[in-house]
Amino acid sequence: MRIEPLAGCGALIDDVDLTAANDGEIAAVRQAVFDHGVVFLHGQKLGPEAHIAFAKRVGPIVINRYFPKTERFPEIAKVEKTEEQTTNIGGGWHTDHSYDAEPAMGSILVAMETPPAGGDTLFANMYAAYEALSDGLKATLGTLRAVHSAAHVFGAKSAYGAGDQKALSGHSDLPESVHPVIITHPGSGRKALYVNPSFTLRFEGWTAEESKPLLDYLYAHAQRPDFVHRFSWKPGSVAFWDNRATWHLAMNDYHGHRRLMHRITIAGEALS
Ligand code: SIN
């Protein structure tokens, strides 16, 4: 198995078949996710059963409350945009599940159908974003916690409900959670910036208006091109990302074509 670090964010892994990997290879993939934030593999054969089997080898599966499920496998969320739809899923920078008290460790996304061009996913490196901050701002952020919520994304009045991805809106189980703004990653021991452009509402004890200028600064800082890798999918490609160490954004530049991805989310832990 070869692990090749990529500029900006992530690592490319090859010479491994995830359906036949031994325990040492699974442990190495898991550690590479912690260390690089996201790993990419091409040419894998992760049909639904094999996808679930691989996911279970890296950690317990947590079922997303909001995404449509594949017909036969509730563990697998369908990330789909049809030929007719104009709104995609995950089209703004975010990391998954920060509204949960124990945010998901990782997400394993498998490309089932890809458009002829476009539909890439961008990943941003939150270790690098943290490390590039000044010592003064690192110290200030180290004293702060932020409030995250699912309500405005998956609740009754969400943007998804206003568009043509209505299945993701109108939900009522809409948790709010508080996490440190700078976390120590439980798998790598490194510090990472943990705010989320899609789900963070404000700093704890601050109003949304007071929080906005600093959050906007952090959002612009963390998506600097030098922290970002753009991944192009083919059917069979896999991205396994760490939600504590990266953000991602799905490009919506392939109208009139279908893109279907299968996503399994791996359980995480409280962050500190
Ligand atoms: C997601 O945000 O989980 C989906 C990413 C993608 O479809 O590329």
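We count ligands from 1, going down the list as the structure has it; atoms in each ligand are counted the same way. This is a predicted model, so every value here is computed, not measured.
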Test Arg57 against Asp23 for salt bridge (charged side-chain N to carboxylate O under 4.0 Å, His left out), laying out the working first. CA-CA 9 Å; Arg57 293 184 73 192; Asp23 289 349; 2.8 Å; yes

Checking Thr121, Thr114, Asp120 against Ser232 for side chain to side chain donor-acceptor pair (under 3.5 Å), the one that qualifies is Asp120

Does Lys166 NZ have over 12 foreign heavy atoms under 6.0 Å away? yes

Hydrophobic cluster of Trp93, others only, ordered by chain and residue number, side-chain cut-off 4.5 Å: Leu122, Met126, Tyr130, Leu133, Leu137, Leu141, Leu144, Val181, Ile182, Leu193, Val195, Phe203, Trp206, Leu214, Leu215, Tyr217, Leu218, Tyr219, Val228, Trp247, Leu249, Met251

Would you check if the distance from the ring center of Tyr66 to the ring center of Tyr99 is below 6.0 Å? yes

Within 45° of the ring axis of Phe67 and under 6.0 Å from its six-membered ring centre, is that where the NZ or CZ of Arg263 lies? yes

Sorted by chain and residue number, the residues with a non-hydrogen atom under 4.0 Å of ligand 1 are Val79, Gly90, His94, Leu109, Thr121, Trp241, His248, Ala250, Arg259, Arg263

